[in-house]
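What follows is a short report on a single structure.
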Amino acid sequence: MNEVRPELDELLFSSLENVLVESVEATDMTVRIEALSTARQATCPGCGYLSGRIHGSYLRFPHDLPTTGRSVVVALRVRRFVCAEGSCSRKTFAEQVPGLTRRFGRRTERLRSTLISIGLALAGRAGARMTDVFGAPVSRNTLLRLIASLPDPPITAPRVVGVDEYAQRKGRIYGTVLVDVETRRPIDLLPDREADTLAAWLAERPGIEIVCRDRAPFFAEGATRGAPQAIQIADRWHLWHNLGEAAEKCVHRHRGCLRPAPAPPDEPPEEAEPAASSPWPTGHRFAERTRAKHATIHALLKAGHSKRSVARQLGMTLNTVLRFSRAATPEELFTGQWQSRATKLDAYKPYLDLRWQEGCTNAWKLWEEIREQGYPDGYGNVRNYVSRTLRGKPQPVGPRPPSARAVTRWLLTHPDALVESHRIQLKAVLANCPELDVLAKHVRTFAHMVTDLQGDQLPEWIESARAATGLPSLNRFAHHLERDLDAVVAGLSQPWNSGVVEGHVNRIKMLKRQMFGRAGFELLRKRVLLA
DNA sequence: CACATTGCGTGCGGAATAAA
DNA sequence: TTTATTCCGCACGCAATGTG
């Protein structure tokens with residue numbers, strides 16, 4: 001046993017000197033390590049002087065890292081020293097084993113730091129559940145308190161700083177994240193998004209040369225006041241994002257142009273379906289009934305039955321049978337008195353067809369829409385039209401038109417990265433609508449500016465975009481850029497990419513989701529900066 | 001926040017040890 | 001032997017830590 005001891009010290013407290021392990025005993029649930037401190041002297045926490053005069057000793061029981069799911073307790077004999085320093089206010093003090101214990105600590109330092117890591121990664125409740133599994137169960141409060149006790153992370157003075165907002169409570173409470181764009185690390189979190197707060201923060205760090213921000217006015221103002229020496233950059237991520245939003249609005253406005261022009265795909269079905277000339281398309285109930293009757297009557301006549309007998313068998317008037325027998329095809333009979341009579345709905349049918357193609361199959365909603373446009377009658381006829389005519393038609397005559405969002409995505413994707421079929425569809429849409437084609441050209445030149453750092457071309461781009469007719473959202477976007485021209489030109493000319501900043505905003509969103517409800521801003525801040 | 005647990009500071013007194 | 005000093009265990013109250 002005596003030869004084992006030094007090895008146990010090595011194994012259990014390898015990095016610690018002055019700890020001697022006496023014995024280890026394990027039960028089902030716990031492991032108990034008997035150990036004692038062997039240092040000759042200890043430092044008085046009151047005056048800082050070393051003392052070797054032992055006053056007494058006692059056992060303390062710090063919890064240690066669990067092994068194999070069993071909790072570990074060290075039964076550690078520590079000594080109390082007499083402080084010989086006359087000027088010191090205290091008479092005795094308890095020794096601490098550096099790296100193992102701290103004053104008042106109920107856990108070893110390594111268990112403590114492990115719990116802190118769990119807290120930083122998972123925060124309160126989730127972390128507490130983790131510690132159960134881990135074998136050192138603690139409450140969520142303890143984890144949060146451990147995080148709170150962490151020293152404030154040192155805030156470095158960055159050269160290129162990224163600024164963005166994040167939501168603590170979406171729509172209500174917003175804060176500001178600051179990122180060192182060069183090291184890609186978050187440097188600080190501010191509890192609000194006021195220009196004053198940002199200005200004060202920046203003013204304390206005169207070394208800042210470049211501020212990457214979005215075009216929110218409070219950040220522009222804060223940066224101007226707090227870091228007048230710095231170049232402001234409207235970051236490219238946001239520029240591109242905002243362009244995307246403007247583009248989607250434009251496309252949505254022109255959503256009527258998205259249906260591909262009735263070119264090649266529409267012709268073959270027309271040829272393949274000569275019945276298209278018939279006023280009653282297949283699928284219509286009346287037409288089906290007439291076709292069925294026509295077939296039955298002609299079959300019976302061909303089988304040798306007399307017209308009178310057929311009429312008796314089918315419960316029809318002789319006249320009816322005569323009418324059917326004279327018609328060679330059922331289509332000849334599609335000439336009822338209601339046929340091709342004008343209805344009040346006629347004026348709205350093209351609109352209804354369009355909406356149906358767009359995917360709106362809710363008759364009530366369609367009725368509400370055309371009622372807005374002046375349709376005087378009730379819901380009934382609209383329902384009939386939808387259920388008989390539109391629903392009877394196999395809905396997509398030709399491919400469904402792409403959604404505004406899809407077209408926007410194609411517009412914003414580099415042409416080379418676009419799938420073949422999307423490229424063809426996009427080409428068709430642009431050929432169909434000159435305004436969208438203009439939009440596409442602007443998006444492409446903007447993309448070129450963004451990727452090739454061609455900020456000097458911006459004024460020209462803005463002028464052209466503002467003049468583009470039929471694209472008010474693009475005009476507005478260009479107008480906004482013009483108002484922040486210097487920063488945007490800088491953003492398009494500098495290599496700083498602030499996708500980094502956006503990444504951190506997303507990470508905060510995730511951390512926040514794991515954050516114990518009342519833990520508050522300070523804890524969130526520590527987790528963002530330390531985790 | 002209220003409450004429980006446990007480390008800490010302190011003094012007391014007996015035992016051990018050293019010096020007179 | 002007496003006396004001084006140190007060691008050591010104990011009890012008590014305070015305060016830091018931990019829990020729900």
Side-chain angles (χ1 to χ4, degrees), chain A residues 13 16 18-20 22-23 29-66 70-152 514-523 526-527:
Chain A
F13 304 112
L16 302 177
N18 305 325
V19 181
L20 183 66
E22 297 256 82
S23 68
M29 298 307 296
T30 62
V31 177
R32 183 183 163 105
I33 301 173
E34 307 262 359
L36 52 90
S37 162
T38 58
R40 287 294 177 81
Q41 297 173 307
T43 319
C44 171
C47 57
Y49 281 98
L50 277 175
S51 169
R53 279 193 52 199
I54 295 168
H55 171 269
S57 74
Y58 63 96
L59 282 174
R60 56 186 289 195
F61 304 92
H63 285 249
D64 197 16
L65 285 175
R70 284 182 286 199
S71 61
V72 175
V73 176
V74 184
L76 181 66
R77 180 156 293 279
V78 292
R79 292 152 303 170
R80 214 184 302 285
F81 287 81
V82 177
C83 183
E85 183 63 22
S87 60
C88 185
S89 63
R90 68 176 70 230
K91 305 273 183 285
T92 68
F93 63 90
E95 68 172 338
Q96 302 299 333
V97 182
L100 189 69
T101 64
R102 63 168 57 194
R103 256 187 116 208
F104 294 107
R106 280 107 205 267
R107 303 185 221 279
T108 62
E109 290 296 279
R110 57 194 183 186
L111 175 57
R112 189 183 152 89
S113 62
T114 303
L115 289 174
I116 287 174
S117 298
I118 292 177
L120 286 174
L122 297 171
R125 279 170 206 280
R129 283 194 289 271
M130 188 65 222
T131 60
D132 282 354
V133 178
F134 172 64
V138 294
S139 73
R140 61 179 198 278
N141 302 297
T142 303
L143 288 176
L144 295 173
R145 197 156 16 72
L146 285 172
I147 297 172
S149 74
L150 250 29
D152 225 28
Q514 300 165 355
M515 208 67 212
F516 173 48
R518 279 169 300 178
F521 169 75
E522 278 305 321
L523 285 173
K526 283 215 169 111
R527 291 191 65 212

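Below, chains carry the letters A, B, ... as their sequence lines are ordered, and counting in each starts from 1. In this text the structure is predicted, and so the values were computed from the model without any measurement.
- Heavy-atom minimum distance, A:Cys44 versus A:Cys83: SG-SG, 3.7 Å.
- Among the candidates A:Arg32, A:Arg106, A:Arg110, the single residue satisfying the salt bridge (charged side-chain N to carboxylate O under 4.0 Å, His left out) test with A:Asp64 is A:Arg110.
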Once base and sugar-phosphate atoms are separated, protein heavy atoms under 4.0 Å mark nucleotides 5-14 of chain B, 5' to 3', with B, S and - as BBBSBBBB--

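- Put simply, the side chain of A:Val74 does not reach to within 4.5 Å of the side chain of A:Phe61, judged on heavy atoms.
- Taking every nucleotide of DNA chain C with any atom under 4.0 Å from a non-hydrogen atom of chain A, the first and last of them, 5' to 3', are C:dT6 to C:dG20.
- Of the possible polar contacts, one joining the A:Glu95 side chain to the A:Arg79 backbone as a donor-acceptor pair under 3.5 Å is found.
- For the atom pair A:Arg60 CZ and A:Thr101 OG1, the distance stands at 4.5 Å (nearest 0.5 Å).
- A:Leu146 has its side chain out of reach of A:Val138: every pair of non-hydrogen atoms, C-beta onward, lies at least 4.5 Å apart.
- Residue A:Arg77 is in sugar-phosphate contact alone, with no base atom involved, counting any heavy-atom pair closer than 4.0 Å across all strands shown.
- Once rounded to the nearest 0.5 Å, the distance linking CG of A:Leu76 with CG of A:Leu36 reads 7.5 Å.
- With A:Ser37 contributing its side chain and A:Val78 its backbone, the two residues share no donor-acceptor pair below 3.5 Å.
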